[in-house]
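Values below: all heavy atoms of this structure, side chains included; hydrogens, waters and symmetry mates excluded. Predicted, not measured: the structure shown is a model, and the values here were computed from it.
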Amino acid sequence: MRIGLRILLGYFLIVALAAFLLMRVFTQEIKPGVRQAMEDTLADTANVLAELATDDFLAGRIDDGRFAARVRALRERDIGANIWGFRKAQAEYRIYVTDASGIVMFDSAGRDLGRDYSRWNDVLLTLRGQYGARSTLSDPDDDSSSVMYVAAPIRDGNRVVGVLTVAKPNSAIAPFIARSERTILRWGFVLLGTALAVGLLAAWWLSRQLGGLRRYADKVTAGERATLPDAAGEFADLGRALETMRERLEGKQYVERYVHALTHELKAPLAAVRGASELLESPLPEADRVRFATSVREQSERMAQMIDKLLALAAVEHRQRIEQPTAIDVPTLIDAAVAPFADCGVQVRLHTGDAAGLRIRGDAFLLRQLLSNLVDNACAFSPAGGVVEVEALSDGARLRISVSDRGPGVPDYALPRVFERFFSLPRPGGRSRSSGLGLAFAAEVAALHGGDVRLEHREGGGTRAIVELPLPAIG
């Protein structure tokens, strides 16, 4: 499992658990909280009504006096209230009064007159001078039918002579409780959704940062050119640490590889120079002396050329990108690359009409050297008086430059290796091998510009070198 997914799951699990516990606490506290508020209101109402009923109770007319008439009239009153979106038409109070023995003397519902309520907690506790209240199911089989009863004493001086109880069904506040629970659940799910979105964003960002560094490391491992990805915070520090480590490791390996390769390639010309110099120390015929002196000069030039090209290749291989690319006119670039070969004994023909007006971005010097190396190879392998053709085409997205000759061609076994350092083929006419660095240099320059170079057999004989480079987007 990817680390981003692990972090997302862990983060979402913590948030979901916290949200669940929070919603559970809220929903569990809503119902008792609302009922506590209703009980407080019922306690105030019961005490107010107990004071209003005292005169009629003491006068013995609690069931047919003014208090009873007003309470019964309350059932006919249209309240017409709109309480937070809920319509309230009638009062839902039930009021009953008992004497000091707990016998019901008045019942606003008119159903329990004369019954003994002395064992109900609201009456029993109030007659004892305590706070009397109870909650009872009106239907034992229906948990939602509970009714809250709150009592207040009716006093004659300091003596409790009766009890007035106000009852109200809990179903009256059920809509408010249900709406509050729905609101909490709805916002709870919104919280979970928001947490999931934030978690996904954080996981995506984390995966993007780690993915960029992983792809960078994979490219470095594969020996490809890689640019350190943009990162933030600790990821930027990690990226810079990886870049520093790569540079130091590559630098060490690069030096070791080139020292071994250069040592190997210099053995042959050094041996030739040493052999020729030893022979020159002894008396020789003039023809042999000239031949050996010429050999020393050619091998010295070969070594100097090898060192120069090796330094140029090393400079290109060390670069990861073109720091300040410039716009380059394609026909002008090709003309400049071909110009040094005007007197090479081979005719060079240009076909750059299709590239007129095209411009690419990059390093003009390196691209000119790339093309010059290809033209140099083509001239070297062409027969005397032969023709080298340089053609430029474009499909709108990429520039394609081909350099074709009619030489002996490249053997099939050598095609996969021609771009390796120091790999070279014997040139026609018994001429010495090249340094084997020109094509390697061309491949590095093309890759540095986001393109590639390849060799292929040419129909009718010869070889065609093809360079493809990306064209800048228009607009």
Side-chain angles (χ1 to χ4, degrees), residues 29-77 79 81 83 88 90-174 176-177:
E29 288 297 321
I30 287 175
K31 186 177 292 185
V34 174
R35 289 184 176 179
Q36 289 166 8
M38 187 175 76
E39 183 178 349
D40 179 77
T41 301
L42 289 177
D44 290 343
T45 302
N47 279 276
V48 170
L49 293 178
E51 291 296 328
L52 296 177
T54 298
D55 291 342
D56 283 355
F57 183 85
L58 294 177
R61 56 176 185 271
I62 189 61
D63 189 48
D64 56 3
R66 290 175 59 84
F67 176 80
R70 294 303 181 191
V71 171
R72 292 188 178 104
L74 178 62
R75 301 178 65 87
E76 305 300 327
R77 178 186 288 270
I79 297 178
I83 303 175
K88 184 176 180 63
Q90 292 181 327
E92 298 177 83
Y93 282 144
R94 177 193 172 197
I95 301 169
Y96 59 81
V97 179
T98 66
D99 60 14
S101 300
I103 304 302
V104 177
M105 306 297 295
F106 167 74
D107 185 357
S108 62
R111 64 172 182 262
D112 287 341
L113 283 174
R115 293 189 61 177
D116 184 2
Y117 276 16
S118 60
R119 294 185 178 181
W120 293 111
N121 278 342
D122 58 317
V123 176
L124 177 64
L125 295 176
T126 303
L127 291 174
R128 291 178 179 178
Q130 301 174 12
Y131 170 64
R134 66 184 170 94
S135 182
T136 306
L137 295 176
S138 59
D139 182 357
D141 297 328
D142 185 3
D143 291 337
S144 63
S145 64
S146 63
V147 180
M148 188 177 294
Y149 297 84
V150 177
I154 298 176
R155 290 187 175 91
D156 183 9
N158 293 326
R159 185 168 59 91
V160 177
V161 295
V163 176
L164 182 142
T165 297
V166 178
K168 187 170 185 176
N170 286 318
S171 60
I173 59 172
F176 300 96
I177 295 175

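- Rounding to the nearest 0.5 Å gives a distance of 11.0 Å between CG of D55 and CZ of R66.
- Between the side chain of S108 and the backbone N or O of I95 there is at least one donor-acceptor pair closer than 3.5 Å.
- No side-chain N or O of D107 forms a donor-acceptor pair with one of Y117 less than 3.5 Å apart.
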Side chain to side chain contact (heavy atoms under 4.5 Å, CB included) evaluation trace for V150 with Y131:
CA-CA 8 Å; V150 177; Y131 170 64; 3.7 Å; yes

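- Rounding to the nearest 0.5 Å places CG of D122 at 7.5 Å from OG1 of T136.
- Here L113 contributes atom CG and T98 contributes atom OG1; the two are 12.0 Å apart, rounded to the nearest 0.5 Å.
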Determine all donor-acceptor pairs shorter than 3.5 Å in which one atom belongs to a side chain in residues 154-162; sequence neighbours excluded.
none

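- Note on ring orientation: taking the six-membered ring where Trp is involved, the planes of F106 and F67 are perpendicular (angle over 60°, cut-offs 30° and 60°).
- For S118 against S101, the heavy-atom pair with the smallest separation is CB-O, 3.4 Å.
- None of R94, E39, M38, M148 except one satisfies the side-chain contact (heavy atoms from CB on, under 4.5 Å) rule with K168; the exception is M38.
- Qualifying side-chain hydrogen bond (donor to acceptor under 3.5 Å, both in side chains) partners for D142, counting only residues two or more places apart in sequence or in other chains: S144.
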Worked check of side chain to side chain contact (heavy atoms under 4.5 Å, CB included) between F57 and V97
CA-CA 9 Å; F57 183 85; V97 179; 3.8 Å; yes

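- Interatomic distance, D116 CG to I103 CD1, rounded to the nearest 0.5 Å: 4.0 Å.
- In this structure a side-chain-to-backbone donor-acceptor pair under 3.5 Å is present from N47 to A43.
- No side-chain heavy atom of W120 sits under 4.5 Å from any side-chain heavy atom of V163.
- Taking the charged nitrogens against the carboxylate oxygens, R70 and D56 have no contact shorter than 4.0 Å, which rules out a salt bridge.
- Closest of all the heavy-atom pairs between A46 and A151 is CB-C, 4.2 Å.
- The structure places CG of L49 at 5.5 Å from CG of L164, a figure rounded to the nearest 0.5 Å.
- Taken to the nearest 0.5 Å, the CG atom of L74 stands 9.0 Å off from the OH atom of Y93.
- With sequence neighbours excluded, no residue forms a side-chain hydrogen bond (donor to acceptor under 3.5 Å, both in side chains) with D99.
- The existence of a salt bridge linking D63 and R72 is confirmed by a sub-4.0 Å separation between a basic side-chain nitrogen and an acidic carboxylate oxygen.
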